[in-house]
Protein chains: 2
Amino acid sequence: MDHINIKKLAEALNLSTSTISRAFRDNSDINGATKERILAKAKELNYQPNHYASNLREQKSKTIAVIVPELANNYFSQAIHGIERVARANGYHILIYVTDDDYHKEVTFIKHLHNGRADGIIMSVSGEANDHNYLNEFGTKRLPLVFFDRIYEDIATPRVVTNDYKSSFLATEHLIAQGCQRIAYLVVNKSLSIGKTRMQGYLDALAKHQIDFEEQLIVDCTNSYDENSIIIKNALTDLKPDGVFTSVERLAFATYYACYDLEISIPDDLKVISFSSLEIAPLLNPSLTTITQPAAEIGDEAAKLLFKILDCEQDKNFLNEVVLESEIIIRNSTVNQLKKA
Amino acid sequence: MDHINIKKLAEALNLSTSTISRAFRDNSDINGATKERILAKAKELNYQPNHYASNLREQKSKTIAVIVPELANNYFSQAIHGIERVARANGYHILIYVTDDDYHKEVTFIKHLHNGRADGIIMSVSGEANDHNYLNEFGTKRLPLVFFDRIYEDIATPRVVTNDYKSSFLATEHLIAQGCQRIAYLVVNKSLSIGKTRMQGYLDALAKHQIDFEEQLIVDCTNSYDENSIIIKNALTDLKPDGVFTSVERLAFATYYACYDLEISIPDDLKVISFSSLEIAPLLNPSLTTITQPAAEIGDEAAKLLFKILDCEQDKNFLNEVVLESEIIIRNSTVNQLKKA
DNA sequence: TTGTAAGCGTTATCAC
DNA sequence: GTGATAACGCTTACAA
């Protein structure tokens, strides 16, 4: 009696396997008493219907896959938490895949997921600069897919985003209002759509306020901590900006470290604003002014969108776009400290 | 030609399904040319062997489940990242389950996972105060299980931990060396083993330095942000400690917020040290002295331990304990600032 | 209400 | 080297 399956349970109860099966499905006709008896015995023997057998039979997995560029980032862990909550409430399990911003990993994950392992995918993309067409190759067999935050504009699938253009515009205007005239924009890869959108808000805000745009004030960073440290220090030293707008929180942290080292005072010498969902932004030295995306809510919405498709309430190619509001929270990193004046 | 399976691929190539199958397994006898032909066609038609059918047949899922108390915590997201890396390298997928520190969720997750969905489990537990015996009820059928960080002492299964007793002892001694005489210990649930172990280090350090222990200096907090805020403010006001040692980073943040509100100066009026894997601890105001656990490495080790069992290199009940070193990193939150003297 | 039996997509065993 | 076939554990017509 090593592994207990439906057959053994049936034998133990002198019933057929179909009856057992029915006890575990809500829709079926089954005698209440028999059902009780079965469930009791199942509990006693610790029987669980084999998931793979059920799914093979039913052709669905009750599993969704979540693909993110990184995990050690407050935004993504909060978003995943939101997704997890909704998935669990719907009786779904979630698989996690981390691309480390590697396009090839993304392609591999997606392709492998089309083997029945998952019923749907929620993804924040990594390969904006690469060929997105691999997603179209599945044709009608493509799994339901929902993008969040980092998306491929040219793939017609539902998405949950924030209005990054507007936030960036307002963030830049905020710096200008605080007296900044030389504002640097720090981005991880400026050719990626998320970097581009955010950059456009920055550029347009500069234009509106008739501040000349200097190409070199757009500082292209990398995924390496050490490289960024050098890049940012050089930028601060050579370009002498009085304001910095960073497209991801990681770069704001790197800027803080650079300023500590170079003895540049934030906000007196340099004002800093960043996209960030860091919950302890108020505790930083100085507290960081942020554009805070509603991360958990984005995860929630993305999951809900996916379940709409899975429940056949919506066609998977219907281009549903949910736009949520980010909030700019002004803290000390962009406001002159009177006590020091 | 909606869904492509092994049968259709076989027909398309005028071969039998067995031959197709062989092309995808490394061990089998198959003509090199045939194999090429099959793989080419498979790629063309975007064929992926159905995961559930394979797993049903092979009775294993190439999937491991990771159960954690929370996700929005630097320690756990780093640990998961470590696990993910090792799992991926071994061709395994990972399922994520978040208990929100709810024992019943933990039990439900574990029970359901014994339906074939996962081949093994890596868990940081939530129910230290509750009955762990549910894990023994599976008998020999229990899935391979590896604990990390928060464990059940009484369940014989491999585990990866840090020496929390020692770290807590040293942390407390550090506060004493900095002149603290009334040291509060903040814990989320003092009856839980992780809270207890860490508390014991604290108590023994006090004893060693002949500091009287006051029951009320052990402050039992909750999982609610708002409740903790009140609890901590009351503790700071009523007990007037000169040092605080917090067992999880969340409580250190709450202490910072409370001090800001109460205008208590860290480190002048109060010194703070905490368990935390926060990478930006140096950026806090003031920078936070931490006991930093090697989170990613712990994840790595836990995954490696699990794979040892899955590869049959080790019995799953062999009580293998890996102890890693935490590091106490002294920063401004525990050191008097000379410039203010 | 319950039982019988076919089939989900694979893979392993055994022929050829 | 390749093909036929049974089996993995479950669900669902259909039959009783």
Side-chain angles (χ1 to χ4, degrees), chain A residues 1-39 41-42 45-63 91 112-119 141, chain B residues 1-39 41-42 45-63 91 112-119 141:
Chain A
M1 208 209 67
D2 194 13
H3 198 68
I4 179 96
N5 58 24
I6 200 173
K7 224 157 140 187
K8 290 192 192 130
L9 187 58
E11 278 168 20
L13 286 159
N14 255 313
L15 289 168
S16 75
T17 58
S18 22
T19 310
I20 306 294
S21 176
R22 278 188 271 257
F24 287 92
R25 346 232 75 248
D26 292 334
N27 48 348
S28 290
D29 297 344
I30 185 171
N31 182 304
T34 328
K35 183 167 175 176
E36 290 301 300
R37 210 156 61 88
I38 293 173
L39 294 181
K41 194 76 178 176
L45 299 182
N46 242 310
Y47 167 73
Q48 293 276 346
N50 182 290
H51 186 248
Y52 288 150
S54 309
N55 292 158
L56 177 56
R57 181 57 225 239
E58 298 186 40
Q59 302 289 54
K60 57 192 183 50
S61 64
K62 286 264 183 187
T63 303
H112 276 86
L113 284 168
H114 283 77
N115 63 359
R117 207 184 240 282
D119 294 339
K141 293 173 301 176
Chain B
M1 209 209 64
D2 195 13
H3 197 66
I4 179 97
N5 59 25
I6 199 171
K7 225 157 138 186
K8 290 193 192 127
L9 187 57
E11 278 169 20
L13 286 159
N14 256 311
L15 288 169
S16 75
T17 58
S18 356
T19 309
I20 306 295
S21 179
R22 277 188 272 255
F24 287 93
R25 350 229 77 249
D26 291 334
N27 48 348
S28 290
D29 297 344
I30 186 172
N31 183 303
T34 327
K35 183 167 176 177
E36 290 301 301
R37 209 156 62 88
I38 294 173
L39 294 180
K41 194 77 178 176
L45 299 182
N46 241 312
Y47 167 73
Q48 293 275 348
N50 182 290
H51 186 246
Y52 288 152
S54 305
N55 292 157
L56 177 56
R57 183 57 228 236
E58 299 184 38
Q59 302 289 52
K60 58 192 182 48
S61 64
K62 284 264 181 187
T63 303
H112 276 85
L113 284 169
H114 283 76
N115 64 358
R117 207 183 239 285
D119 294 339
K141 294 172 300 176

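Any value given below was found using the heavy atoms of this structure, including those in side chains, with hydrogens, waters and symmetry copies removed. Numbers restart at 1 for each chain; the letters A, B, ... are given by sequence-line order, proteins then strands.
Across every non-hydrogen atom of A:Tyr47 and A:Ile4, the tightest pair is CD1-O, 3.7 Å. Considering all non-hydrogen atoms of both residues, B:His112 and A:Gln48 come closest at CD2-OE1, 3.9 Å. Closest approach of A:Ala53 to B:Leu56, counting heavy atoms only: CB-CD1, 3.8 Å. For the residue pair B:Lys7 and B:Thr17, the shortest heavy atom distance occurs at CA-CG2, 3.9 Å. Across all their heavy atoms, A:Tyr52 and B:Asn55 have their closest contact at CD1-CB, 3.4 Å. The shortest non-hydrogen separation linking A:Ile30 to A:Thr19 is CD1-O, 3.6 Å.
Taking only side-chain nitrogens and oxygens, A:Thr19 comes nearer than 4.0 Å to OP1 or OP2 of C:dG3.
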When every nucleotide of nucleotides 9-16 of chain C is labelled 5' to 3' by its protein contacts under 4.0 Å (heavy atoms), B for base, S for sugar-phosphate only, - for none, what sequence of letters results? BBBB----
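A side-chain donor-acceptor contact under 3.5 Å links B:Thr63 and A:Arg117.
Using a 4.0 Å cut-off between a side-chain N of Lys or Arg and a carboxylate O of Asp or Glu, A:Glu36 and A:Lys41 do not qualify as a salt bridge.
Bounding nucleotides for the chain B contact on DNA chain D, 5' to 3', at a heavy-atom distance below 4.0 Å, are D:dG1 to D:dG9.
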